[in-house]
Q: 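Okay, handing you the structure first.
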Amino acid sequence: MRIALLTGGGDCPGLNAVIRSVTKSLIRQCNAEVWGIADGMLGLIEQRGRWLSWDDVGGILATGGTVLGTSNSSSPFNVKGVDRSAEVMDYVRDLKLDALVAIGGDGTMTITHGLTKLGLPVVGVPKTIDNDIYGCERSFGFDTAVATVTDALERVTTTGQSHGRIMIVETMGRYAGWIALEAGLAGAADVILLPEIAYDVDAVAAYCREREDRHRHTVICIAEGAKPVGGELTVAGRVEVGGDPIRLGGVAHALRAQLQPLVRSEVRATVLGHVQRGGSPTPFDRVLATQYGNAAAGLVARGEFGRMVTLQAGGLTSIPIDDVAGRNRGVEGDSPLLVCARQIGVMLGDA
Ligand code: F6P
């Protein structure tokens with residue numbers, strides 16, 4: 001058996017743990033030869049890669065990034081406006097590949113779904129710090145990002161307390177508020193602002209003023225995709241090709257400017273950015289990534305293609321990539337975590 005492996009989209013803690021687990025499992029379970037495609041979809045288009053041995057994937061479990069490289073602005077269906085998917089399929093046939101294991105987020109799953117329709121047997125592994133993949137309770141990388149943001153919130157809290165400031169911390173997460181919500185709760189943020197709930201600047205300011213009378217500081221955790229009531233997303237830039245052309249970033253600074261005239265304390269903003277995607281995966285993510293990799297190899301061994309491994313109701317399972325492609329999972333209004341945050345008095349921007 002010959003199986004190709006690629007990591008697509010943004011890097012994420014735990015990618016190497018999946019690469020290690022898939023490769024070892026495929027070698028042990030299927031006596032497979034494993035072809036590691038370089039730089040994600042870009043390497044598939046440009047036909048670049050290398051064989052991965054058992055030893056090649058040793059010692060990478062706890063390392064950040066991806067030893068294969070990745071890209072998040074390449075699709076074989078749109079290379080500078082040209083559809084090169086037929087060439088990709090020729091390449092797959094030339095390499096005599098039996099299947100592709102694609103480790104990625106919604107963008108990678110959507111491209112992968114397109115390749116499945118051309119006849120490529122594919123298995124998906126859900127990756128993203130955003131935790132927004134449809135049908136997946138926990139993507140690996142999320143837990144590490146939450147730990148990083150939690151640490152950052154605790155660190156800015158001491159500055160807030162010492163100087164009597166309002167400290168705003170901006171998280172990643174794209175159009176989903178999972179990172180901000182979980183880290184906000186773990187890091188004891190006073191205000192948590194999510195893309196799913198438009199925030200009312202006057203209400204946030206009133207809440208901060210009320211705190212000014214009783215406390216020296218307020219900590220606000222805001223997701224990059226959050227918007228004020230009647231306002232727009234804060235866009236840092238745009239990309240030419242790939243899945244989502246919008247790069248988010250900077251809403252913390254926008255909020256700082258809106259808030260400062262309405263409160264007595266100095267307001268400061270910190271945009272965490274890519275520190276959330278880097279570093280060593282937490283033990284939880286190492287274990288989840290290892291389980292996902294092993295489960296993906298199991299799907300390959302059983303010939304169950306066109307499926308993505310996933311976690312549902314706390315258990316490992318798999319779902320059709322067809323169901324995942326082009327969809328996302330945001331924080332629902334009745335999410336138990338959201339309800340819990342409200343009930344312990346966290347301000348969510350809307351009241
Ligand atoms: O999807 C992961 C993610 O880190 C998002 O949270 C963020 O909006 C985006 O990727 C940033 O991508 P890039 O590194 O291309 O700017």
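If you're wondering where the values come from, they're calculated on a predicted model, not measured in any experiment. First listed ligand is number 1; within each ligand, the first listed atom is number 1.
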Q: Answer yes or no: is there an ion pair linking D213 with R209, defined by an N-O contact shorter than 4.0 Å?
A: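 Between R209 and D213 there is no salt bridge, as every charged N stays at least 4.0 Å from the carboxylate O atoms.
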Q: Apart from V271 itself, what residues make up its hydrophobic cluster when side-chain heavy atoms of I, L, V, M, F, W and Y under 4.5 Å apart count as a link, directly or indirectly?
A: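 In the cluster with V271 there is nothing else; it is isolated.
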Q: Going by an N to O cut-off under 4.0 Å, is there a salt bridge joining R138 and D143?
A: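 A salt bridge is absent here (no side-chain N lies under 4.0 Å from a carboxylate O).
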Q: Which protein N or O atoms sit under 3.5 Å from any N or O of ligand 1? Give each pair with its distance.
A:
{"residue": "ligand 1", "atom": "1 (O)", "partner": "D130", "partner atom": "OD2", "Å": "2.6"}
{"residue": "ligand 1", "atom": "4 (O)", "partner": "R277", "partner atom": "NH1", "Å": "2.8"}
{"residue": "ligand 1", "atom": "6 (O)", "partner": "D130", "partner atom": "OD1", "Å": "2.7"}
{"residue": "ligand 1", "atom": "6 (O)", "partner": "G173", "partner atom": "N", "Å": "3.0"}
{"residue": "ligand 1", "atom": "6 (O)", "partner": "E224", "partner atom": "OE2", "Å": "3.4"}
{"residue": "ligand 1", "atom": "8 (O)", "partner": "E224", "partner atom": "OE2", "Å": "2.5"}
{"residue": "ligand 1", "atom": "10 (O)", "partner": "R277", "partner atom": "NH1", "Å": "3.0"}
{"residue": "ligand 1", "atom": "12 (O)", "partner": "R277", "partner atom": "NH1", "Å": "3.4"}
{"residue": "ligand 1", "atom": "14 (O)", "partner": "H274", "partner atom": "NE2", "Å": "2.7"}
{"residue": "ligand 1", "atom": "14 (O)", "partner": "R277", "partner atom": "NH1", "Å": "3.0"}
{"residue": "ligand 1", "atom": "14 (O)", "partner": "R277", "partner atom": "NH2", "Å": "3.0"}
{"residue": "ligand 1", "atom": "15 (O)", "partner": "N72", "partner atom": "ND2", "Å": "2.8"}
{"residue": "ligand 1", "atom": "15 (O)", "partner": "R247", "partner atom": "NE", "Å": "3.4"}
{"residue": "ligand 1", "atom": "16 (O)", "partner": "R247", "partner atom": "NE", "Å": "3.2"}

Q: Report the C-alpha distance between S265 and R216 in whole Å, list the side-chain angles of each, state the deciding distance to 0.1 Å, and finish with yes or no for side chain to side chain donor-acceptor pair (under 3.5 Å).
A: CA-CA 9 Å; S265 318; R216 273 177 66 74; over 6 Å; no
Q: Can you confirm whether F284 is buried at CZ, in the sense that more than 12 heavy atoms of other residues, nucleotides or ligands lie under 6.0 Å from that atom?
A: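 Yes - once you tally the heavy atoms of other residues, nucleotides and ligands closer than 6.0 Å, there are more than 12.
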Q: Hey, does the side chain of R256 reach the backbone of A269 with a donor-acceptor pair shorter than 3.5 angstrom?
A: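 Not at all, since once roles are kept as given, no pair shorter than 3.5 Å links the two residues.
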